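Below: the structure, in structure tokens.
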Amino acid sequence: MVCNKGGSSVMLTLLCLLGIGILTEAHRTAVKVIRRMQYFVARRKFQQARKPYDVRDVIEQYSQGHLNMMVRIKELQRRLDQSLGKPGLFLPEKGVDKGYYSIGARLIRLEDKSYPPIKSFDLNIQRIKEI
């Protein structure tokens, strides 16, 4: 390895001290070729990332997401129906709640049990007021 002692460049002096030396023309050409190849690969990857999506792929992904969301909504509705009871199930024209043990059925039973004492209490207050 030959170091040029008369060189004015600080970089050359540093390279000589580290024992790296000056690159030959073949090495410089090899570095340029490698860097150019890396540039072309990076440019190709960037262009592929910018490509517009295939419409079929987008629609398929949307459909899968929509189907997944609908399954979750149905499961949530089933759980609500199980705990609260189905809407309209406890209306007076439907008759007895048929032994359902949901929160809605329990509330209806509680209201039915508490309504007669309240009604008789209201009647007693009216009678007292009349006297």
Side-chain angles (χ1 to χ4, degrees):
M1 177 168 73
V2 177
C3 287
N4 188 1
K5 298 285 184 186
S8 61
S9 174
V10 177
M11 187 62 139
L12 287 176
T13 308
L14 183 61
L15 289 174
C16 284
L17 288 175
L18 293 174
I20 295 174
I22 300 172
L23 295 176
T24 63
E25 194 61 35
H27 287 116
R28 287 183 189 175
T29 306
V31 169
K32 286 180 185 178
V33 168
I34 290 171
R35 289 292 185 188
R36 196 170 286 160
M37 288 171 42
Q38 288 175 339
Y39 166 73
F40 287 129
V41 168
R43 188 175 74 176
R44 187 180 66 223
K45 285 182 180 180
F46 178 74
Q47 287 174 347
Q48 286 177 352
R50 284 185 49 227
K51 280 186 182 177
Y53 292 108
D54 186 18
V55 176
R56 281 181 255 143
D57 291 340
V58 171
I59 291 174
E60 181 181 341
Q61 289 176 357
Y62 175 79
S63 298
Q64 286 176 351
H66 183 69
L67 182 65
N68 189 14
M69 182 183 66
M70 293 303 292
V71 167
R72 288 181 182 197
I73 289 173
K74 280 188 177 185
E75 177 64 19
L76 182 62
Q77 184 66 43
R78 185 192 63 78
R79 289 171 58 190
L80 281 173
D81 288 345
Q82 185 179 7
S83 61
L84 298 177
K86 291 190 178 186
L89 185 65
F90 309 110
L91 295 176
E93 63 265 8
K94 291 285 185 178
V96 184
D97 57 18
K98 300 177 185 175
Y100 292 114
Y101 294 107
S102 66
I103 294 172
R106 291 183 211 163
L107 283 174
I108 294 293
R109 281 192 223 114
L110 183 64
E111 287 175 356
D112 290 343
K113 288 179 182 178
S114 65
Y115 183 69
I118 292 173
K119 187 176 179 183
S120 64
F121 184 71
D122 288 340
L123 285 174
N124 289 336
I125 289 178
Q126 281 181 349
R127 288 181 187 158
I128 291 173
K129 284 182 183 178
E130 289 174 1
I131 298 179

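All values below come from the heavy atoms of this structure, side chains included, with hydrogens, waters and symmetry mates left out. Bear in mind the structure is a predicted one, so any value in this text is a computation, not a measurement.
When hydrophobic side chains of Ile, Leu, Val, Met, Phe, Trp and Tyr are connected at separations under 4.5 Å, L123 ends up as a singleton with no cluster partners. Cluster note: V33 groups with M37 through ILVMFWY side-chain heavy atoms spaced under 4.5 Å, whether in direct contact or through intervening members. The hydrophobic cluster around L67 extends to none of the other residues, as no ILVMFWY side-chain heavy atom falls under 4.5 Å of it. Clustering of Ile, Leu, Val, Met, Phe, Trp and Tyr by side-chain heavy atoms under 4.5 Å joins I128 with none of the others.
Residues meeting the side-chain contact (heavy atoms from CB on, under 4.5 Å) test with Q38, sequence neighbours left out: I34, R35. A search for side-chain hydrogen bond (donor to acceptor under 3.5 Å, both in side chains) contacts involving T24 returns H27, not counting sequence neighbours. For Y39, the side-chain contact (heavy atoms from CB on, under 4.5 Å) partners at least two apart in sequence or on another chain are R43.
Expressed to the nearest 0.5 Å, how far NZ of K32 lies from CZ of R28 amounts to 8.0 Å.
Pairs of residues two or more places apart, or lying in two chains, that qualify as side chain to side chain donor-acceptor pair (under 3.5 Å) and include a residue from residues 66-76 are E75-R78.
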Should E60 and R56 be marked as a side-chain contact (heavy atoms from CB on, under 4.5 Å) after you check the CA-CA gap, both sets of side-chain angles, and the distance that decides it? CA-CA 6 Å; E60 181 181 341; R56 281 181 255 143; over 6 Å; no
